[in-house]
Amino acid sequence: MWKRIGIIVCALLLAACSNEGEQSTPTLGADAKVAKAYLEEQGYDVVSYRGNRTSSFEKEDLLELPTESTWQVQTTPPDDYIGRDIRHEYFIVRNHPLDDVAELGQTNVSVMMVDGKIIGGTSYPDSAEPLTGSSYSLDGKTAEELHPDYTEWRSEWEAKYSE
């Protein structure tokens, strides 16, 4: 009898250990499917889906990282989204302007959505090494590229959101 119990315990331990290293692959929900289709329409090759999260921000957050760097690279002003839930759908893509910035040849993107509609997003090179710096727009542009007179734009931003 003890031999049978020992065999059962060993079998259970082996089964438990064999699943330990496996990570479940996130599944595409409705928002993720919309975001994926949008990325493909933009000409990006979707390599993988990395999951999602929901966040929100308040007006004062627009003067602090990371909220500030995220919204500086959007073409949509943040005013209509203050205090609202924003869904971020994360993907790795190829055929993106930032692919050649780091050694992995692909780019991380976050598609921002509210009520099932895309409102913007960010991107950054996929790298085995940690990266520092500000966000890029969904299509790989910096805040300086999106706002040619960045100094003036920055002053207006600070005045508007510090009120």
Side-chain angles (χ1 to χ4, degrees), residues 23-102 104-163:
Q23 293 182 351
S24 63
T25 304
T27 56
L28 291 160
D31 283 349
K33 289 177 183 175
V34 170
K36 182 179 185 239
Y38 175 79
L39 292 171
E40 291 171 340
E41 286 170 15
Q42 300 305 305
Y44 305 130
D45 300 321
V46 175
V47 175
S48 64
Y49 175 59
R50 310 293 287 177
N52 62 58
R53 76 175 177 89
T54 301
S55 69
S56 65
F57 65 95
E58 298 302 325
K59 183 177 176 182
E60 58 270 11
D61 297 327
L62 290 166
L63 296 173
E64 297 182 21
L65 297 174
T67 306
E68 179 181 44
S69 71
T70 297
W71 282 97
Q72 286 183 351
V73 293
Q74 305 309 311
T75 55
T76 304
D79 306 86
D80 290 341
Y81 305 105
I82 294 172
R84 297 191 60 194
D85 285 341
I86 299 173
R87 179 83 161 214
H88 301 261
E89 297 289 350
Y90 297 101
F91 296 87
I92 293 180
V93 301
R94 288 199 178 111
N95 198 32
H96 187 280
L98 298 178
D99 285 354
D100 296 329
V101 173
L104 297 180
Q106 55 192 21
T107 303
N108 291 281
V109 297
S110 168
V111 179
M112 297 165 43
M113 303 179 73
V114 172
D115 298 330
K117 294 183 176 70
I118 296 170
I119 63 166
T122 58
S123 61
Y124 61 95
D126 195 22
S127 174
E129 300 298 320
L131 298 173
T132 59
S134 294
S135 300
Y136 292 88
S137 67
L138 194 53
D139 59 353
K141 291 185 171 56
T142 64
E144 292 81 4
E145 290 173 308
L146 292 170
H147 310 286
D149 190 349
Y150 182 76
T151 305
E152 182 181 328
W153 177 87
R154 174 86 181 153
S155 295
E156 292 171 3
W157 176 275
E158 288 177 357
K160 181 175 183 177
Y161 296 112
S162 62
E163 296 173 345

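The aromatic rings of W71 and F57 sit tilted, their planes meeting at an angle between 30° and 60°.
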message: I'd like to know whether D115 forms a salt bridge (charged side-chain N to carboxylate O under 4.0 Å, His left out) with K117, so could you lay out the CA-CA distance, the side-chain angles of the two residues, the decisive distance to 0.1 Å, and finally the verdict.
response: CA-CA 6 Å; D115 298 330; K117 294 183 176 70; over 6 Å; no

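At a cut-off of 3.5 Å, with distance as the only test, a side-chain donor of Y49 or N52 sits close to an acceptor on the other residue. Side-chain contact check for H88 and S55: at least one donor-acceptor pair (N or O, by modelled atom type) lies under 3.5 Å. Side-chain atoms of D99 and Q106 include no donor-acceptor pair closer than 3.5 Å. In this model, no donor atom of one side chain and acceptor atom of the other lie less than 3.5 Å apart for N95 and D45. A donor-acceptor contact closer than 3.5 angstrom links the side chains of D79 and Y161.
Crowding of D149 atom CG: a count of heavy atoms from other residues, nucleotides or ligands under 6.0 Å exceeding 12. Y150 OH: more than 12 foreign heavy atoms inside a 6.0 Å radius.
The distance from atom CG of N108 to atom OG of S123, rounded to the nearest 0.5 Å, is 9.0 Å.
Scanning for salt bridge (Lys or Arg N to Asp or Glu O under 4.0 Å) contacts around R154 gives E68, E158, with sequence neighbours left out.
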Please set out all donor-acceptor pairs under 3.5 angstrom arising from side-chain atoms of residues 26-41, sequence neighbours excluded.
residue: K36; atom: NZ; partner: E40; partner atom: OE2; Å: 3.4

